[in-house]
Number of protein chains: 2
Amino acid sequence: MLPVDPTQALRDAGLRVTGPRIAVLEALSAHPHADTDTIATAARTALGAVSTQAVYDVLRALSDAGLARRIEPAGSPARFELRVGDNHHHVVCRVCGAIADVDCAVGERPCLDPSDSHGFVIDEAEVTYWGVCPDCTST
Amino acid sequence: MLPVDPTQALRDAGLRVTGPRIAVLEALSAHPHADTDTIATAARTALGAVSTQAVYDVLRALSDAGLARRIEPAGSPARFELRVGDNHHHVVCRVCGAIADVDCAVGERPCLDPSDSHGFVIDEAEVTYWGVCPDCTST
DNA sequence: AGGCAATCTTGATCGATTCCAGAAAAGGTG
DNA sequence: CACCTTTTCTGGAATCGATCAAGATTGCCT
């Protein structure tokens, strides 16, 4: 059982309920931080056939609706996650690209204030920790 | 006059001194946070003709040698800057993509410690502030 | 000056993402 | 429950940033 019913989540967000959308939501639930290819493969396993564009469109719709969040570490294709309510950050492995969540110490965004904002109106501070994951360290 | 003589900087880093490299260094000095296309155009203005690969090779060589730093905000092509000694961060405009430097409050890296590192060995905390720049705010 | 090795040129290739036009389907309405 | 409008999905092609490959050049050390 999923933490949130995909159908209900879509309706609550004012989005139409379709096969590809449910499949993508379930794929995201099963594979946090998955890239589009992984999501597309999982969705196709569930539905039989889903076009690449449908996956991209769905992911964009979910991002716009606030149901999913797009994260894009440098040197990696876009990845998506369902955790959107809290303001958390990520650790990325320099070797294998694995991603893990890191809770924000502050909890509200922006959780950091720049020393000099240069006149920018800042609404978010995105933190990416770079390092090496346990698997790659031991190898 | 440049803060650092490109020729000397290249020699100090153990790199060969070539036309394209000097042109790229000067382009970076004149255009902080420039993307590869801007750098290539500036280099061609200075030299007459420089191949795209030369620009990419030079940028990689400079990054590897520690003379330049590659930054890659989500949704934007790779950009490069010469400030490498300090540990500073960036503000990115959501509208026009402009980038400005923000000094790090701590100064040493990693300047932040994650609350739970999940066993990762972390060596850097990269902070990206997202907002709207003065120009885009007034429009 | 001589020679090795790194570097630059031209051209092709690749992966991720988006554009396009048309077919299909979801959801509100009578 | 059938109909209609609007959104969404399909299939194919195209774009964009970045990289690879092979050969010609050139910088640098002896």
Side-chain angles (χ1 to χ4, degrees), chain A residues 5-27 33-44 46-65 67-68 70-80 97 99, chain B residues 5-25 27 33-44 46-65 67-80 97 99:
Chain A
D5 179 43
T7 302
Q8 194 58 44
L10 286 171
R11 288 194 196 283
D12 289 348
L15 295 176
R16 295 194 175 177
V17 179
T18 66
R21 290 185 171 178
I22 294 175
V24 166
L25 279 174
E26 290 178 340
H33 310 131
D35 56 37
T36 48
D37 191 59
T38 302
I39 296 169
T41 301
R44 291 194 180 104
L47 294 182
V50 179
S51 71
T52 305
Q53 279 61 34
V55 174
Y56 275 96
D57 287 348
V58 168
L59 289 172
R60 171 173 302 205
L62 294 179
S63 303
D64 291 347
L67 288 180
R70 178 186 186 129
I71 57 178
E72 203 170 331
S76 183
R79 292 157 182 270
F80 293 84
I99 298 180
Chain B
D5 179 43
T7 301
Q8 193 58 46
L10 286 171
R11 288 192 197 284
D12 289 348
L15 295 175
R16 295 190 175 179
V17 180
T18 67
R21 291 186 173 177
I22 293 174
V24 166
L25 280 174
H33 310 131
D35 56 37
T36 49
D37 191 60
T38 302
I39 296 168
T41 301
R44 291 191 179 108
L47 294 183
V50 180
S51 70
T52 305
Q53 277 58 38
V55 174
Y56 276 95
D57 286 347
V58 167
L59 288 172
R60 170 173 301 206
L62 293 179
S63 303
D64 291 347
L67 288 181
R69 183 176 161 199
R70 177 183 187 133
I71 58 180
E72 205 169 328
S76 183
R79 291 158 182 270
F80 294 84
I99 299 180

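Proteins come first, then strands; the chains are lettered A, B, ... in the order of their sequence lines, and each starts at number 1. For clarity, every value in this text was computed on a predicted model and none was experimentally measured.
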Participant: Nearest heavy-atom pair of A/Arg44 and A/Ser51: which atoms, and what distance?
Facilitator: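 Heavy-atom minimum between the residues: NH2-C, 3.8 Å.
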
Participant: Which whole-number value in Å describes the distance from A/Phe80 CZ to C/dA16 C1'?
Facilitator: 11 Å

Participant: Taking atom CG of A/Asp64 and atom CZ of A/Arg70, what is their separation to the nearest 0.5 Å?
Facilitator: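 So the gap between those two atoms works out to 10.5 Å.
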
Participant: Mind checking if A/Thr36 touches a base, just sugar-phosphate, or nothing, with heavy atoms under 4.0 Å?
Facilitator: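 Sugar-phosphate only.
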
Participant: DNA chain D: B/Val17 or B/Glu72, which has the more 5' nearest nucleotide?
Facilitator: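 Final value for this comparison: B/Glu72.
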
Participant: Between C/dG27 atom P and A/Leu15 atom CG, what is the distance in whole Å?
Facilitator: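 Atom-to-atom, A/Leu15 to C/dG27, this comes out as 11 Å.
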
Participant: Locate the shortest heavy-atom distance separating A/Leu59 from A/Ser63; write the atom from each residue and the value.
Facilitator: O-OG, 2.7 Å

Participant: What's A/Arg79 touching, base or sugar-phosphate or nothing? Going by heavy atoms closer than 4.0 Å.
Facilitator: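 The answer is nothing, as A/Arg79 stays clear of every strand by at least 4.0 Å.
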
Participant: How long is the line joining CG of B/Asp35 and P of D/dG17, in whole Å?
Facilitator: 8 Å

Participant: Under 4.0 Å, heavy atoms only, any strand: does A/Ala61 hit a base, just the sugar-phosphate, or nothing?
Facilitator: nothing

Participant: Quick check: closest heavy atoms across B/Ile71 and B/His33, and the distance to 0.1 Å?
Facilitator: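 It is CD1-CD2, 3.8 Å.
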
Participant: Looking across every strand, which nucleic acid part, if any, lies under 4.0 Å from A/Thr18 by heavy atom: base, sugar-phosphate, or nothing?
Facilitator: sugar-phosphate

Participant: Please report the distance, rounded to the nearest Å, between CG in B/Asp64 and P in D/dT19.
Facilitator: 11 Å

Participant: Where the side chain of A/Pro77 is defined as all heavy atoms beyond and including C-beta, which of C/dA16, D/dC9, C/dT10 is the nearest nucleotide?
Facilitator: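 Nearest to the side-chain atoms of A/Pro77, counting from C-beta on, is C/dA16.
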
Participant: Should the side chain of A/Gln53 and the base of D/dG12 be counted as holding a donor-acceptor pair, with the cut-off at 3.5 Å?
Facilitator: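 Yes, a donor-acceptor pair under 3.5 Å.
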
Participant: Whole angstrom is fine here: how far is it from CD1 in A/Ile22 over to P in D/dT8?
Facilitator: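 Distance, rounded to whole Å: 14 Å.
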
Participant: Could you check how far CZ of B/Arg21 sits from P of C/dT9, rounded to whole Å?
Facilitator: 12 Å

Participant: Within less than 4.0 Å of OP1 or OP2 of C/dT17, is there a side-chain N or O belonging to A/Tyr56?
Facilitator: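 Indeed, a polar side-chain atom of A/Tyr56 lies that close.
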
Participant: Quickly work out the A/Arg16 CZ to D/dT6 C1' distance and round it to whole Å.
Facilitator: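 My rounded result for the distance is 5 Å.
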
Participant: Rounded to the nearest Å, what distance is computed from the CZ atom of residue A/Arg60 to the C1' atom of nucleotide C/dT18?
Facilitator: 8 Å

Participant: Rounded to the nearest 0.5 Å, what separation is found between the CD1 atom of A/Ile39 and the CZ atom of A/Arg79?
Facilitator: 9.5 Å

Participant: For a quick test of reading the model: is some side-chain N or O of A/Arg11 closer than 4.0 Å to OP1 or OP2 of C/dG27?
Facilitator: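 The answer is yes; a side-chain N or O of A/Arg11 sits under 4.0 Å from OP1 or OP2.
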
